[in-house]
Colleague: 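This is the structure I want to talk about, given as structure tokens.
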Amino acid sequence: MIVRSLDQILGTSSEVSAKTWTSRRLLLASDRLGFSLHDTIIHAGTHTRMWYQNHLEAVYCVSGEGTVEVLKTGEKFAIREGTVYALDQHDEHVLHAETQMRMICVFNPPLLGGEVHDENGAYPAAKPAGD
Ligand code: 9YT
């Protein structure tokens, strides 16, 4: 069994910051669970464009308020405490954070650890084991 607390992640290489967010990566590929689990802070007043072409992601909001916009359709969904959105179609999207938001994120396949978004808002594909 793996038991880990946020305190053990803060200030380590598993705490990854970008311009609009800080992702505390609690479980990663090296844990061999088939997914990664992150506790992510989205900064208030920011707009983050993302397009996870190599991953599926579920995002569960535990605090804060904002809107997720699906770029292909123009749909907008209010996101607040208790709401989950799942990018089952690798949807290109923008997260508009009205307040600071705390999100619990699950990625399949799991992140390796240090990933930040590329110019398309994606993370690179995980390399097959053995590479
Ligand atoms: C909500 C969202 O996707 N934010 C970007 C960071 C990402 N979820 C991560 O790496 O934790």
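Both ligands and their constituent atoms are indexed starting at 1 by order of listing. In this chain, numbering begins with 1 at the start of the sequence shown.
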Colleague: Only one of Leu6, Asp7, Ile2 clears side chain to side chain contact (heavy atoms under 4.5 Å, CB included) with Arg4; which?
Modeller: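 Going through the options one by one, the only one that passes is Ile2.
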Colleague: Does the separation of the ring centres of His117 and Tyr52 fall below 6.0 angstrom?
Modeller: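 Ring centroids of His117 and Tyr52 are less than 6.0 Å from each other.
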Colleague: Parallel, tilted or perpendicular: which describes the rings of Tyr123 and His55, with under 30° parallel and over 60° perpendicular?
Modeller: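 Tyr123 vs His55 ring planes: perpendicular.
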Colleague: Just by distance, no angles: are the side chains of Thr22 and Ser17 close enough, under 3.5 Å, to form a donor-acceptor pair?
Modeller: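 Thr22 vs Ser17: donor-acceptor pair found between side chains.
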Colleague: I would like to know whether Thr67 and Ile79 meet side chain to side chain contact (heavy atoms under 4.5 Å, CB included); could you show each step before the answer?
Modeller: CA-CA 5 Å; Thr67 304; Ile79 304 297; 5.9 Å; no
Colleague: Crowded around Arg80 CZ? As in, over 12 foreign heavy atoms under 6.0 Å?
Modeller: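 Not more than 12 within 6.0 Å, no.
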Colleague: Report all protein residues having a heavy-atom distance below 4.0 Å to some atom of ligand 1; order the list by chain, then number.
Modeller: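 Only Trp21, Ser23, Arg25, His38, Thr40, Ile42, Met50, Tyr52, Glu57, Tyr85, Leu95, Cys105, Phe107, His117, Tyr123 have heavy atoms that fall under 4.0 Å of ligand 1, ordered by chain and number.
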